[in-house]
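So that the names make sense, note that chain A is the first sequence line, chain B the second, and so on, each numbered from 1.
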Amino acid sequence: MVGRANRIHGKLYLAANRSEPIIKTLNMNIPSVDEIIGQNDQIAARRASLEAIAALVGNVYPNKFVRSRVSGGEDTITAVKNSDPVASAEAEMAEIKAGLAEGERPPADRKEAINERLRGVGTVRIAGRLTTPTRGNFVHLTDGIAKLQVYANKKGPLALIKNDGAETTVEDGGWALWQLLDHGDFIGVEGYLFMTNTGEVSVHIEKLQFLAKAMLPMPDKMHGIADPELRRRYRYADLIASSLQVEHDGLTTREVFERRAKLIAGMRRYLDDHGYIEVETPMLTPKATGAAAKPFETHHNALDITLYARIAPELYLKRLVVGGFEKVYELNRNFRNEGLSQRHNPEFTMLEFYCAYMDVEGMMDLCEQMMQESVMKATGGLVVEYEQNRIDFSKFERISMRDAILRYKPDADINDRTMIGLFDEFVEPNLIQPTFIVDFPKSISPLSKANPADTSIAERFELFINGMEIANGFSELNDPKEQYERFADQMKQREGGDEEAMVLDEDYIRALSYGMPPAAGIGIGIDRLVMLLTNKHSIRDVILFPHMRPERAQAPEEHETIEKS
RNA sequence: GGUCCGAUAGCUCAGUCGGUAGAGCAAAUGGCUUUUAACCAUUGGGUCGAAGGUUCGAGUCCUUCUCGGAUCACCA
C-alpha cells in the first residue's frame, strides 16, 4: 500500500506542484492528486480501513465467493429477494402491519410463524456491495438490481471468514470486521433469513467475508450524480449511483440500459423469427458511401491505404442480396464525422435490413409491426410518455411529403428545390406521433427506385416520431446503369462543393450488374428510438460511453498547446 | 462557430445592499444495537473555476480565459 502510494506520488509530483490537479475533480467523488496522495480525509480513512481489514483477514481481494443455491438457481440478491418464501413473508407482514396502529408491534406469535417458514429456506450465501453506511447493525447489500438487508449482531455468533492465500478459514471475530466496513465495500455473507419488526426480510449474518474495497466515497444516495457530464464521463459511478439512489424521477441509468437491451433483443428476435439472417459487414471500408455524411479517416500501415470508418452498411448488405441472402440484417455502429448534439453522437447504432421481392409499402408494414412488437417487449405497452407528449405506437400515419407540407403550410410554393426546406421548417417539428413521410424527391434519393407513376418521385419513406427522424427506407434501385448515372450525378455535386454528396462505388455497380432482385430496405436509428422509450432528451443518456472532450489538466503550460476548434 | 445560463466543503445547494464562509448529507470520534431516506452527540473539512481590474474592503461589481449546460446552424 505504501509502495503504491509512493509510486503515484512520485509519478504525479510535478503535476501536483502546478496550480491545478492533473485529474480534474469537477465537484465529484473522483480524486485529485492531493486526494490520491492521501490528503483527502475520506480516502485516508478508507486506506486506514483497508489496512486494518488486511491485518484482520489477510488477503483483502480474495478470488471468489461461491453463492449457494436457494431454489435451484444461484443465490444472487435478486434471486433471494424475489424468491417465493421472501415475497410471501413480506406480503404477509405488510398485511399484519396494515391492521396495526402507528408504532404498534406485530403480534409475536404471527411473526414467529413467519420466521419459522423463513428458517425453512435454510442457509443463504449472498454477496454484494454495501449500499448504506455502516452505522448500527443493519446494512443493505445490492447486486446492482435488488437490495437485500443484512443484519449483524454484536452479541450473537458472528464468524469471520479469513482469506489466507488459497486457504479460507473460519474464526470468531466477524464483528471486528463489521466495524471496519465502509459504504461501497463488497462483502459476502452466510446466514439465515428472518423478518424484522418493520416488515423487511433480512439475512442474519453468521459468517462474514470481506471481498473487495471501495477506496473512493460513493456518490450521493439522494441525488445520484447530478452533473450530466460526470454521469456520462464516469458511467461506472453513475451506475453505482443507480443502485444506491433512494429517490429518483423516471428511470435510473441502469434501467435505461436494461430497456435498451430489451428493445434490441426484441428486434433481433423479430427478425430471426421472420427468417432474416444477421451478418457483419466491414466497419473499415475503402470508400465511405451508402449515405450522405463525412467519414472518419484512418490508415492501414501494411497496405499503405486510407480506410474510412463506415458511414452506413447499406451497399454491403445489398451485395449480399445480390449473392442470394434474401432477408438480411445488420445491427451495429456507424460513424459520422460531424457535430455532436442532443441527437448526434459520432458513433451511433443502426439496424439495417433488406428483404427481396418487397417494395416500400411492404417495408413500411414490416417496420410498423416490428417496432410495435419490440416496443411492447421493451416497455410492456404501446404508449410512451415523452416530455409532455404521449406517443402511441399502435398506429403509424402515412402521408406524402407534399401533402404534409400543405397540411401545415397551405400556401407553400412546392417544387423539387424548395420541398425539403419547407418540410424541415414547417412539418418535421409537428410530427409527434409515428408518421411515415412518403414520396421523396428523387434528386435527394440516389439509391432509391423511382415511382413508376411519377418518375420525379422516389419510392422512399422516412419515419418521424416526436419531430425526430427515426427510420429511412425505400425500394432499392437495382438497375446498374441507372445507379451508375445517379452516382455520377452525386459526384458532380461533390465537385461542386457538396462534401456530403455520395461517393461512387464501382464495385457496387459491378455487384448490381450480376442482378439484384427487387428488394426493399430500411435503416432504423436505435439510439433515438431508445431516447423515445426512456424519456431521455440527449442521445448521450442512452449511450453508455458517449464521446466527450478528453479529460485533461488545466495546467497553464498545457493551455497553449490545446487546439482551438 | 453564434446566443443565453452556470462553476462556493467529498456530494447537493444557500449566501440579501460589496463588510469575519453557511446548511443538509458524506467523513472522523464516542454512544446505541430490530434499523427503514440519513439513530443520538461532538469534531474536522474552503485559494468561493483561473488570471487581472475597480474598491479601505470582492464569493458578490467589471474584463479576459477555462470547463460545462441549454439553444441555433449541418447531420440520422
A/H140 NE2 to B/U34 P, straight-line distance once rounded to whole Å:
16 Å
In Å and rounded to the nearest 0.5 Å, what is the CG to CE distance from A/L529 to A/M468?
8.5 Å
Are the aromatic ring centres of A/F474 and A/F440 under 6.0 angstrom apart?
no
side-chain contact (heavy atoms from CB on, under 4.5 Å) partners for A/H140, two or more places apart
A/T131, A/T132, A/K147, A/Q149, A/E200
In whole Å, I'd like the distance from the NZ atom of A/K154 to the P atom of B/G31.
8 Å
Among the candidates B/C67, B/C75, B/U35, find the nucleotide nearest to the side-chain atoms of A/E229.
B/C67
Those residues that, when tested against A/E469, pass salt bridge (charged side-chain N to carboxylate O under 4.0 Å, His left out) (two or more places apart)
none
Nearest-angstrom distance, C1' atom, B/G15 to B/A58:
14 Å
Could you check which of B/U35, B/U33, B/C75 has an atom nearest any side-chain atom of A/H344?
B/C75
If the C1' atom of B/C13 is compared with that of B/G18, how far apart are they to the nearest Å?
23 Å
Between B/C48 and B/G69, how far apart are the two P atoms, rounded to whole Å?
25 Å
On a whole-Å scale, what distance lies between the P atoms belonging to B/C39 and B/A26?
7 Å
Quote, to the nearest angstrom, the P distance that separates B/A37 from B/C32.
24 Å
Would the base of B/U71 count as contacting A/Q342 through its side chain, where contact means a donor and an acceptor less than 3.5 Å apart?
no
Is the backbone N or O of A/D182 less than 3.5 Å from a side-chain atom of A/R46, with the two atoms forming a donor-acceptor pair by type?
no
If you check every side-chain atom of A/N137, which of B/A28, B/C75, B/U33 has the closest atom?
B/U33
Find the distance A/N197:CG to B/C39:P and express it as a whole number of Å.
18 Å
At under 4.0 Å between heavy atoms, what does A/R343 touch on the DNA or RNA strands: base, sugar-phosphate, or nothing?
base
If each of A/N345 and A/M195 is mapped to the nucleotide of RNA chain B with the nearest heavy atom, which maps nearer the 5' terminus, i.e. the 5' end?
A/M195
Between B/G69, B/C74, B/U35, which nucleotide gets closest to the side-chain atoms of A/P228?
B/G69
Out of B/G69, B/U34, B/C74, which nucleotide sits closest to the side chain of A/R232?
B/G69
Whether A/Y386 and A/H537 hold their rings parallel, tilted or perpendicular, with breakpoints at 30° and 60°:
perpendicular
Find the distance A/E387:CD to B/U71:C1' and express it as a whole number of Å.
14 Å
When you look for runs of 3 or more Watson-Crick or G-U pairs in a row, both distances below 3.5 Å, which of them include RNA chain B?
B:1-7 with B:66-72, B:10-13 with B:22-25, B:27-31 with B:39-43, B:49-53 with B:61-65
Round to a whole Å and report the spacing from NE2 of A/H537 to C1' of B/U71.
15 Å
Side chain of A/R540 - closest among B/U34, B/G69, B/A28:
B/G69
Could you give the distance separating B/C62 and B/C17 at their P atoms, to the nearest angstrom?
14 Å
Same-atom distance (C1') from B/U20 to B/G57, integer angstrom:
12 Å
Rounded to the Å, how far apart are A/L230 CG and B/G49 C1'?
14 Å
Sub-4.5 Å side-chain heavy-atom contact between A/T534 and A/R260:
no
Given the C1' atoms of B/G49 and B/U60, what is the spacing between them in whole Å?
16 Å
Looking at A/R232 and A/D541, is any side-chain nitrogen of the basic one under 4.0 Å from a carboxylate oxygen of the acidic one?
yes
Closer than 3.5 angstrom, by distance alone: can the side chain of A/D185 be matched with the main-chain N or O of A/A214 as a donor-acceptor pair?
yes
Testing B/U34, B/U33, B/U35 for proximity to the side chain of A/S202, the answer is B/U35
B/C72 P sits how many Å from A/E428 CD, rounded?
12 Å
When we call it a touch if two heavy atoms are under 4.0 Å apart, what does A/D498 touch: a base, just sugar-phosphate, or nothing?
nothing
Between B/C32 (P) and A/W175 (CH2): distance, integer Å
11 Å
